[in-house]
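Inspection log for the structure reproduced underneath, given as structure tokens.
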Amino acid sequence: MFEDVKNQISQQIDQFCFQNDLPTGKVEFRSIPFSGEWGMAAPLFPLAASDPNKTGPVPQHAQFLAERIKDIVGLPAGFTRSEAVKGYLNLYFDTSLYAASVVEKINESGHNFGNALPTGQTVMVEYSNPNTHKPLHVGHLRNVILGGSVCNILEASGKKVVRANYIGDIGLHVIKWMCNYEMYHAGERPGEDKMRWMADLYSEADRRFHEQEGFEEIVRAYFARWDEGDERIHDLWLQTRQWSMDGFAQVYELLGEHFDRIYFESDVEDSGKVLVDQLIQDGLATDGRPENPVIVDLDSLLGTKEEYRVAVVLRSDGTSLYATKELPLAIMKFDEYALDESIYVIDVRQSLHMKQMQKILELMGYPWAKNMHHLAYEIVNLPGNVIMSSRDGTVVLLDDLVREATQRALEVVREKNPELDEDTMMDVAQKVALGAIKYPMISRENTKIVTFDWDSALDFNGQSAPYVQYANVRANSILRKAGELRGKAARFNHALEPSEVNLIELLSKLPDEISKSAREYKPSSLAAFAYELAKAFNDFYNQCQVLKVDGDLRDSRLALVQATKVCLEKTLNLLGIQAPQVM
RNA sequence: GCCCCCGUAGCUCAAUGGACAGAGCACCAGCCUUCUAAGCUGUUGGUUGUGCGUUCGAAUCGCACCGGGGGUACCA
């Protein structure tokens, strides 16, 4: 929009600089930070500071330059006002013209508004990564929401995304579960709520493991039988793993997540051991067995000091570790897909481990290793800096949280909107509840700890998903009552209210917000944007009438409401939050 | 010891080198005969952990401290 004019202006400025022995490229425009007015602003301080002929302090000279450039630029087409103030040059847009083009563009594009052109790049995002036979808690939720949202945002920024999930289907936790099952629940089968059932049996098994005399020994013996390849245990494992996978599927469906590729830890165990042999042969790994494990001493290989440390890639007894399997998995990913980038959504405590894996693959000569990216996020805590622990019973289970939030949301819907039918109420309650739960998980920066507390999780007011959802519902309500608005041109030839200018400016920023969020893998900036947009719409809603005005004014405002709804829904969807049509 | 992250209003968080550091929650006072009050308006609240530096300009960049969290060879 207005590209020609913008180019013309920067040419004029360049020419001015050239004629006055000033360096070019020092004047950059950004949007004016005042609300209610709309235009572009350039600070003249950088130019003033680099002027060899300046006399006096920089701010004063910047003001002088701003005034001179203001005179030279004049008032190009599409602008209504210009000013030089405090060292800034401000150019104000012709709001009617700009408003009409922004709103028209959005309503033409619909939910494609803000999407970038395809880049031809393919990126894999590995996230969720649950352990089978164990419950999911709100810590896992942060991973799923963050990963899913990053996928959505990358897709919108023009990349092809492969959603991958790496399932921890082997290990002590699985053996514990199966052992407990065989001894105390043999023959039982999960009911409708598989997740819950698996979780209950897991905590029972874990309790016995730590408290019940002799149970640990039985589990160890069971583990040995598993290692020897006991067929019956293997069959039970396949069966119970499937129950767990079914339970995960239920949760993913509830959360609106799907995966393109599932990797099992058990799939890469054997190839991991082969790969470790290779590392030893190549002289990269040192085999200390049987007393010591197989290690890759990265610091001495690279000549660094206490930076990459030592990576243990195989236990001294020859059994595999997380690291053993991570290496072949990375290779498999790049073999299967022509990936330009491989992203790992894993919590920050594994930063060193991820750094080591990447370095080892690099040393092995894989050129793509540099395209691995650890998207580190902080954990979810409880108030008072308490870490969630299943041992202490402080874990907040996803199940309980969703149930409680949905119940609470249902009460609110019933009170606010009693004429809705039961199914709709339930649908709305679920969307609101899930939104409320998800929002805090992505509205904070990835590197900040999220402190979970029930009060704010169940608070549907203020900076929250329900606030944004509600704004969207209000917009929808206006549109529904207005009926068809096809063919109505939005001319915006009225004097725009500050709240209208503000709202339109935000709408125009959505494409930039999406690409910024994608570039930095930060849904949090989009979450903040969603809130700002909703707030701007609520301002508009309170200040400007739509249905009670006539003619062009009504048509323009209806188009604006329509465009706002498009952008609100788009942004919510990118965050993995659904937008109900009534609340 | 070494490495990483965090420190902004009573609490939870924004502000990605630019104009007076902004929201929400909480508190107090208002607004439903007006497109849904899950909303809006107003009041209160700050030596941006400390110090020094870089810069015309620093919450933001650098250095040194202080406080909190995490990681640091056979957990994941």
Looking only at atom [atom1], what distance separates [N] and [M], rounded to whole Å?
N: B/C65; M: B/A26; atom1: P; result: 42 Å
N: B/C13; M: B/C74; atom1: P; result: 33 Å
N: B/C6; M: B/G10; atom1: P; result: 22 Å
N: B/U44; M: B/A29; atom1: C1'; result: 11 Å
N: B/C31; M: B/U8; atom1: C1'; result: 33 Å
N: B/A14; M: B/A21; atom1: C1'; result: 10 Å
N: B/G68; M: B/C28; atom1: C1'; result: 34 Å
N: B/C40; M: B/C32; atom1: C1'; result: 11 Å

Starting from [atom2] on [N], measure out to [atom1] on [X] and report it in whole angstrom.
X: A/Y467; N: B/C25; atom1: OH; atom2: C1'; answer: 14 Å
X: A/L533; N: B/A23; atom1: CG; atom2: P; answer: 17 Å
X: A/H374; N: B/A76; atom1: NE2; atom2: C1'; answer: 12 Å
X: A/I360; N: B/A73; atom1: CD1; atom2: C1'; answer: 12 Å
X: A/N446; N: B/A14; atom1: CG; atom2: C1'; answer: 15 Å
X: A/N381; N: B/G69; atom1: CG; atom2: C1'; answer: 8 Å
X: A/N502; N: B/C40; atom1: CG; atom2: P; answer: 14 Å
X: A/D297; N: B/U72; atom1: CG; atom2: P; answer: 16 Å

Give me the distances for all protein-to-nucleotides 53-64 of chain B N/O pairs that come in under 3.5 Å?
none

Test of understanding: with side chain to side chain donor-acceptor pair (under 3.5 Å), list the residues that count as partners of [X], not counting sequence neighbours.
X: A/D421; value: A/T424
X: A/R30; value: none
X: A/Y541; value: none

Give me each pair satisfying side-chain hydrogen bond (donor to acceptor under 3.5 Å, both in side chains) with a member in residues 428-441 of chain A, each pair once, sequence neighbours excluded. A/D427-A/K431
Does a side chain donor of either A/Y377 or A/E445 reach within less than 3.5 Å of an acceptor in the other side chain? no
Residue list, ring-ring contact (aromatic ring centres under 6.0 Å, His included) with A/F64, at least two apart or on another chain: A/H61
Under a 90° cut-off about 0 for the syn range, is B/C4 syn or anti? anti
Looking at B/A37, does its base get a donor-acceptor pair with the side chain of A/N538 below 3.5 Å? no
To check you understand the geometry: which heavy-atom pair defines the closest contact between A/L321 and A/K325, and what is its length? O-CE, 3.2 Å
So, do [X] and [Y] sit near enough that their side-chain heavy atoms are less than 4.5 Å apart?
X: A/L382; Y: A/T394; value: yes
X: A/V428; Y: A/M425; value: no
X: A/V312; Y: A/V294; value: no

Flag this pair as yes if the NZ/CZ of A/R557 is under 6.0 angstrom from the six-membered ring centre of A/F540 and inside a 45 degree cone about the axis; otherwise no. no
For A/F529, is the NZ or CZ atom of A/K509 found under 6.0 angstrom from the centre of its six-membered ring and inside 45 degrees of the ring axis? no
Any chance you could list the contact pattern along nucleotides 2-10 of chain B? Use B for base contacts, S for sugar-phosphate-only contacts and - for none, protein heavy atoms under 4.0 Å, 5' to 3'. B--SSS---
What orientation do A/W177 and A/H133 show, parallel under 30°, tilted 30 to 60°, or perpendicular over 60°? perpendicular
In terms of the angle between their ring planes, are A/H353 and A/Y322 parallel, tilted or perpendicular, with boundaries placed at 30° and 60°? tilted
Please list each protein N or O that sits under 3.5 Å from an N or O in nucleotides 31-35 of chain B, with the distance.
unit_1: B/U34; atom_1: O3'; unit_2: A/K548; atom_2: NZ; d: 3.3
unit_1: B/U34; atom_1: O2'; unit_2: A/K548; atom_2: NZ; d: 2.5
unit_1: B/C35; atom_1: O3'; unit_2: A/K481; atom_2: NZ; d: 3.1
unit_1: B/C35; atom_1: O2; unit_2: A/L547; atom_2: N; d: 3.1
unit_1: B/C35; atom_1: N3; unit_2: A/V546; atom_2: N; d: 3.3
unit_1: B/C35; atom_1: N4; unit_2: A/Y541; atom_2: O; d: 2.5
unit_1: B/C35; atom_1: N4; unit_2: A/C544; atom_2: O; d: 2.4

Sorted by chain and residue number, the side chain to side chain contact (heavy atoms under 4.5 Å, CB included) partners of A/E532 (sequence neighbours excluded) come out as A/L506
Side chain to side chain contact (heavy atoms under 4.5 Å, CB included) against A/K134, all qualifying residues, sequence neighbours excluded: A/N131, A/H173, A/Y202
Regarding A/E520, tell me which of base, sugar-phosphate or nothing describes its non-hydrogen contacts under 4.0 Å with the strands shown. base
Under 4.0 Å, heavy atoms only, any strand: does A/A41 hit a base, just the sugar-phosphate, or nothing? base
Please indicate whether A/E28 has more than 12 foreign heavy atoms, meaning atoms of other residues, nucleotides or ligands, lying under 6.0 Å from its CD. no
Just need the stems in RNA chain B: three or more back-to-back Watson-Crick or G-U pairs, each with both distances under 3.5 angstrom, sorted by first number. B:1-7 with B:66-72, B:10-13 with B:22-25, B:28-31 with B:39-42, B:49-53 with B:61-65
Determine whether A/Q581 and A/K565 satisfy the following criterion, side-chain hydrogen bond (donor to acceptor under 3.5 Å, both in side chains), listing intermediate values before the conclusion. CA-CA 10 Å; A/Q581 297 305 310; A/K565 182 162 184 274; 3.1 Å; yes
For A/R315 and B/C75, is the shortest distance between a side-chain N/O and OP1 or OP2 below 4.0 Å? yes
Of A/N90 and A/L314, the one whose closest RNA chain B nucleotide lies more 5': A/N90
Nearest-nucleotide check on RNA chain B, A/Q581 vs A/I295; residue mapping nearer the 5' end is A/Q581
Close approaches to RNA chain B from residues 456-465 of chain A, in residue order (heavy atom, under 4.0 Å): A/F460, A/N461, A/G462, A/Q463
Closest to the side chain of A/K522, out of B/G71, B/U16, B/C74, is B/U16
Which nucleotide sits closest to the side chain of A/S525: B/C20, B/A76, B/U16? B/U16
